[in-house]
*Asks:* 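Before anything else, here's the structure in question.
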Amino acid sequence: MTHITGGAPNAAAPGAAAGGPGPRPADRFLQSAMRFVGQPYRWGGGHVNRTFDAPGPVDCSGLVMQAARMAGVNLDGTADTQQRLGQPVAMTDLKPGDLVFKGKPAYHVGIYLGDGQVLHAPRTGDRVRVTSLQGWGNARRVFNEAGQAVDPAAWQAAPAAAPGTGAREGRLGGDGARVGGGGGRPSALSLLDLDSEEERERKRNALAASRAPRGGAARMAGGGAAPAAGAAPAGGGRHSGLANVNATDPGQLGGLLAKLEAAGVSRAFLEALSKQYGVPLEMILAVIQQESGGDPSARSGAGAMGLMQLMPDTARGLGVTDPMDPKQNVEGGVKYLAEMLQRFGGDTSKALAGYNAGPGNVEKHGGIPPFAETQQYVRKITAMMGGAGTQA
């Protein structure tokens, strides 16, 4: 397989000679990936339902996704999804074209180029570049020795679509038990670590079981008064649509805006985030009100911080370098709300439940989990939003 060092291949791709069948998918993947060198990192960049016509801003998994699409191969997904593609390979046996990862489940992905070099999109404020293999912990082989996709039957060539079509796929920065700390309440995420998807699910289940009264529903800690036995979960309705959100109406939460303005978070900033990430302004405000009451210095006993009560690990995964900076905190929380809305097809109630209890729990229970805190959390926020999350 072609070795690539620096910015260009140093050997001709097999089959590329005159009369040959042309470069193999693996070589096209590497060549396409190198075209992204110097492109700015953009969270969510590359996660659209189309193939790039030319290199553009990407995040780490978007780089892999678009380089593969440009090569006619489907490696779509987020870093933790891409970590399940192909076959595992030892870090001592890497070949160019292998995907390398940090974390299990992965929070970062790169493309191995050979000679101990990795191409990746590092972080906000950085650009796609080549760095050393040091610090990367595990890998997957997605192309075989013949340069073909390891499982071509499962990975059919990605169809191209007209530029601008399709909803942006949210970059799912992990599936921890929750982002927020619940306005000073303990957060389950503090009891989880970034092991494997299976290990995290086991821990979530054990955590929920440990909190469940015998014969009763599991509940999150510190969630206030539980609803009466047999009470129905909060509604599972849908927001009117991500592509047509109301980015200007604060609803009944207009009074919170002055408090946020004093903290350096202006209405214009919030409206810009609303439009950028497709999250209604009143949803952002309602989550802030529920999580912190608009206090930028709020901290929970479990370590959740700031206006949207981000846990440290979650904040890092969202690109937040200072969770106590009000603007960074809010943007991180809005990013995660966007991920939840995208993951649950615009269903506001499920998105809020995912923010509070973790998307894995929402999927496991087929809707809002039977945790008292989560059910109450969704009820309160949808009520603040005028019942937007509940079907009539």
Side-chain angles (χ1 to χ4, degrees), residues 4 6-8 25-85 96-103 105-113 117-131 135-136 139-140 142-143 155 157-174 276-278 316-321 331-332 334-336 338-339 342-343:
I4 297 181
D27 301 313
R28 294 199 302 270
F29 172 62
L30 288 165
Q31 291 161 1
S32 296
M34 291 304 298
R35 294 177 61 195
F36 284 83
V37 171
Q39 289 293 324
Y41 177 99
R42 177 179 294 166
W43 182 88
H47 287 270
V48 292
N49 190 28
R50 67 179 178 90
T51 303
F52 275 20
D53 300 314
V58 287
D59 61 19
C60 64
S61 53
L63 168 64
V64 171
M65 172 176 167
Q66 288 299 334
R69 280 175 165 257
M70 292 166 77
V73 177
N74 188 333
L75 299 182
D76 289 7
T78 56
D80 59 341
T81 303
Q82 292 164 345
Q83 195 176 34
R84 304 184 195 109
L85 300 177
D98 290 343
L99 302 184
V100 292
F101 301 90
K102 294 183 179 181
Y107 60 86
H108 194 50
V109 59
I111 302 167
Y112 185 65
L113 303 177
Q117 295 182 311
V118 177
L119 177 71
H120 63 121
R123 63 184 66 84
T124 301
D126 209 333
R127 295 180 178 272
V128 177
R129 57 193 175 98
V130 178
T131 61
W136 298 84
R140 303 288 291 191
V142 292
F143 297 97
W155 305 341
T165 61
R168 180 183 68 79
E169 294 179 8
R171 183 164 173 262
L172 310 180
Q276 179 179 354
Y277 294 109
R316 283 192 291 270
L318 293 166
V320 177
T321 58
E331 183 166 7
V334 172
K335 283 180 182 179
Y336 200 80
E339 291 172 5
Q342 193 69 47
R343 186 160 180 165

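Predicted model only: the values in this text are computed from it and were never measured.
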*Asks:* Report yes if some heavy atom in the side chain of L318 is under 4.5 Å from a heavy atom in the side chain of E331; otherwise report no.
*Replies:* no

*Asks:* For the residue pair A79 and A106, what are the closest heavy atoms and their distance?
*Replies:* O-CB, 3.7 Å

*Asks:* Ignoring hydrogens, what is the shortest heavy-atom contact between G110 and V118? Give both atom names and the distance.
*Replies:* CA-CG1, 3.9 Å

*Asks:* What distance separates L75 CG from T81 OG1, expressed to the nearest 0.5 Å?
*Replies:* 11.5 Å

*Asks:* Could you check whether the rings of F52 and F36 sit parallel, tilted or perpendicular, using 30° and 60° as the cut-offs?
*Replies:* tilted

*Asks:* Side-chain contact test, heavy atoms from C-beta onward, threshold under 4.5 Å: evaluate it for T51 versus Q66 and give yes or no.
*Replies:* yes

*Asks:* Looking at CD of Q276 and NZ of K335, how far apart are the two atoms once the value is rounded to the nearest 0.5 Å?
*Replies:* 8.0 Å

*Asks:* Indicate the atoms forming the closest heavy-atom contact of N74 with D76, along with that distance.
*Replies:* OD1-N, 2.8 Å

*Asks:* A side-chain contact here means heavy atoms from C-beta on lying under 4.5 Å apart; do M70 and R35 qualify?
*Replies:* yes

*Asks:* Is the closest side-chain heavy-atom distance between M65 and Q82 below 4.5 Å?
*Replies:* yes

*Asks:* When rounded to the nearest 0.5 angstrom, what distance separates CG in D59 from CZ in R42?
*Replies:* 10.5 Å

*Asks:* What heavy-atom pair brings A71 and P25 nearest, and what distance separates the two atoms?
*Replies:* CB-O, 3.9 Å

*Asks:* Do the non-hydrogen side-chain atoms of L119 and L30 ever get within less than 4.5 Å of each other?
*Replies:* no

*Asks:* I need the minimum non-hydrogen distance between F143 and G97, along with the two atoms involved.
*Replies:* CD1-O, 4.0 Å

*Asks:* Assess, by modelled atom type and distance only, whether the side chains of E339 and Y277 contain a donor and an acceptor separated by less than 3.5 Å.
*Replies:* no

*Asks:* Within this structure, what is the CG-CE distance for the pair L113 and M34, rounded to the nearest 0.5 Å?
*Replies:* 5.5 Å

*Asks:* Main chain of R140, side chain of Q83: is a donor-acceptor contact present, judged purely on distance under 3.5 Å?
*Replies:* no

*Asks:* Would you mind reporting whether I111 and L99 have side-chain heavy atoms less than 4.5 Å apart?
*Replies:* yes

*Asks:* Would you check if W136 and H120 make a side-chain contact, meaning some heavy-atom pair closer than 4.5 Å?
*Replies:* yes

*Asks:* If every non-hydrogen atom of R127 is compared with every non-hydrogen atom of P40, which pair is closest and at what distance?
*Replies:* NH1-CD, 3.5 Å

*Asks:* Contact between Y41 and V58 at the side-chain level, heavy atoms closer than 4.5 Å - yes or no?
*Replies:* no

